[in-house]
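Please read the structure below before turning to the comments.
Along the sequence shown, the residues carry numbers beginning at 1. Since the structure is predicted, the reported quantities are computational estimates derived from the model, not experimental observations.
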Amino acid sequence: MDERICPETGAVMTRGTRPMTLSYKGRSIVIDMPGWYAEGVEEGIHGGEDMKVSDRALHRLKAEAEGLLLPEDVRRIRRRLGLSQREAGLVIGGGPNAFQKYEAGDVVASHAISSALRVLDAHPEALAVLVAHREQRSAA
């Protein structure tokens with residue numbers, strides 16, 4: 001079994017999860033935070049993949065508090081529009097990898113992106129305006 005030594009106490013650390021409370025603008029959630037933990041020590045060691053768990057949860061909390069689209073809403077609208085993630089980033093904004101990050105919860109969709117997607121969700125025919133604008137820019 002994989003283990004590490006606690007830098008604080010010298011105790012053996014093992015892989016596991018512990019509850020962690022995240023707060024943003026008066027809202028709180030408790031997540032199961034993966035990491036390396038030692039018996040009797042409150043703190044743990046968290047690597048990059050561990051931090052993605054808390055980062056994504058905090059991004060979701062922020063989106064909810066700010067009234068921004070959640071990752072599943074971004075994905076639903078993009079798919080309804082018939083766009084790949086890359087096409088959505090180039091036509092709607094954010095760049096070629098933006099929608100991959102929005103939909104994974106790695107980045108919170110901005111107010112501008114959230115607003116544009118809400119308009120396109122209600123009026124999908126408006127996508128033609130953005131596509132035409134992108135084509136004009138590409139031709140120039």
Side-chain angles (χ1 to χ4, degrees):
M1 185 155 95
D2 207 7
E3 59 183 44
R4 296 188 181 179
I5 302 300
C6 177
E8 190 175 316
T9 66
V12 173
M13 301 181 85
T14 56
R15 193 92 179 118
T17 62
R18 290 205 179 155
M20 175 184 274
T21 302
L22 301 173
S23 299
Y24 182 81
K25 289 193 173 181
R27 295 173 182 239
S28 295
I29 58 168
V30 177
I31 64 167
D32 289 328
M33 186 64 187
W36 291 92
Y37 298 100
E39 194 72 30
V41 178
E42 206 171 303
E43 298 297 316
I45 296 175
H46 306 103
E49 290 301 310
D50 301 330
M51 295 307 296
K52 281 185 182 181
V53 172
S54 62
D55 289 348
R56 286 176 176 167
L58 188 57
H59 291 156
R60 182 175 200 83
L61 193 60
K62 180 179 179 180
E64 290 171 349
E66 301 289 340
L68 302 171
L69 290 178
L70 298 174
E72 58 271 19
D73 297 321
V74 172
R75 181 179 305 108
R76 177 188 56 77
I77 296 168
R78 176 189 57 78
R79 286 180 175 168
R80 180 171 183 246
L81 296 170
L83 296 171
S84 69
Q85 290 177 332
R86 180 175 173 73
E87 290 168 331
L90 295 173
V91 172
I92 299 167
N97 299 319
F99 275 72
Q100 176 187 2
K101 294 175 184 177
Y102 301 149
E103 293 176 24
D106 293 334
V107 175
V108 178
S110 67
H111 284 283
I113 294 295
S114 291
S115 295
L117 287 170
R118 283 189 173 105
V119 169
L120 290 169
D121 194 27
H123 302 282
E125 70 280 2
L127 180 62
V129 174
L130 296 178
V131 169
H133 178 68
R134 182 174 191 290
E135 288 171 356
Q136 287 174 346
R137 284 190 336 240
S138 295

Considering residues at least two apart in sequence or located in another chain, which fulfil the side-chain hydrogen bond (donor to acceptor under 3.5 Å, both in side chains) criterion with [X]?
X     : answer
Lys52 : Glu49
Arg80 : Asp121
His46 : Tyr37

Side-chain H-bond candidate by donor/acceptor type, Glu66 with Tyr24, under 3.5 Å =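 Looking only at side-chain atoms, Tyr24 and Glu66 do form a donor-acceptor pair, the distance falling under 3.5 Å.
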Roughly how far, to the nearest 0.5 Å, is the [atom2] atom of [Y] from the [atom1] atom of [X]?
X      : Y      : atom1 : atom2 : value
Lys62  : Leu22  : NZ    : CG    : 14.0 Å
Glu64  : Arg27  : CD    : CZ    : 6.0 Å
Tyr102 : Asn97  : OH    : CG    : 11.0 Å
Arg86  : Gln100 : CZ    : CD    : 11.5 Å
Arg18  : Glu43  : CZ    : CD    : 9.5 Å

Would you call [X] and [Y] a side-chain contact if the rule is heavy atoms closer than 4.5 Å?
X      : Y      : answer
Phe99  : Ile92  : yes
Asp73  : Ser114 : no
His133 : Leu130 : no
Arg60  : Glu72  : yes
Arg15  : Asp50  : yes
Val107 : His59  : no

Establish whether [X] and [Y] are linked, either directly or via other cluster members, by ILVMFWY side-chain heavy-atom contacts under 4.5 Å.
X     : Y      : value
Leu68 : Leu117 : no
Val74 : Leu83  : yes
Leu58 : Ile31  : yes
Ile29 : Met51  : yes
Leu69 : Ile113 : yes

Measure across [X] and [Y] and return the closest heavy-atom pair with its distance rounded to 0.1 Å.
X      : Y      : result
Leu120 : Ala126 : CD2-C, 3.8 Å
Ala38  : Cys6   : CB-CB, 4.0 Å
Trp36  : Met13  : O-CE, 3.0 Å
Arg4   : Ile45  : NH1-CG2, 4.2 Å
Leu70  : Ala63  : CD2-CB, 3.9 Å

Step by step, work out the side chain to side chain contact (heavy atoms under 4.5 Å, CB included) result for Leu90 and Glu87.
-> CA-CA 5 Å; Leu90 295 173; Glu87 290 168 331; 5.9 Å; no
Given Asp106 and Arg56, is the salt bridge (Lys or Arg N to Asp or Glu O under 4.0 Å) satisfied, shown in steps?
-> CA-CA 6 Å; Asp106 293 334; Arg56 286 176 176 167; 2.6 Å; yes
Does CD in Glu39 sit with more than 12 non-hydrogen atoms of other residues, nucleotides or ligands closer than 6.0 Å?
->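 12 or below, so no.
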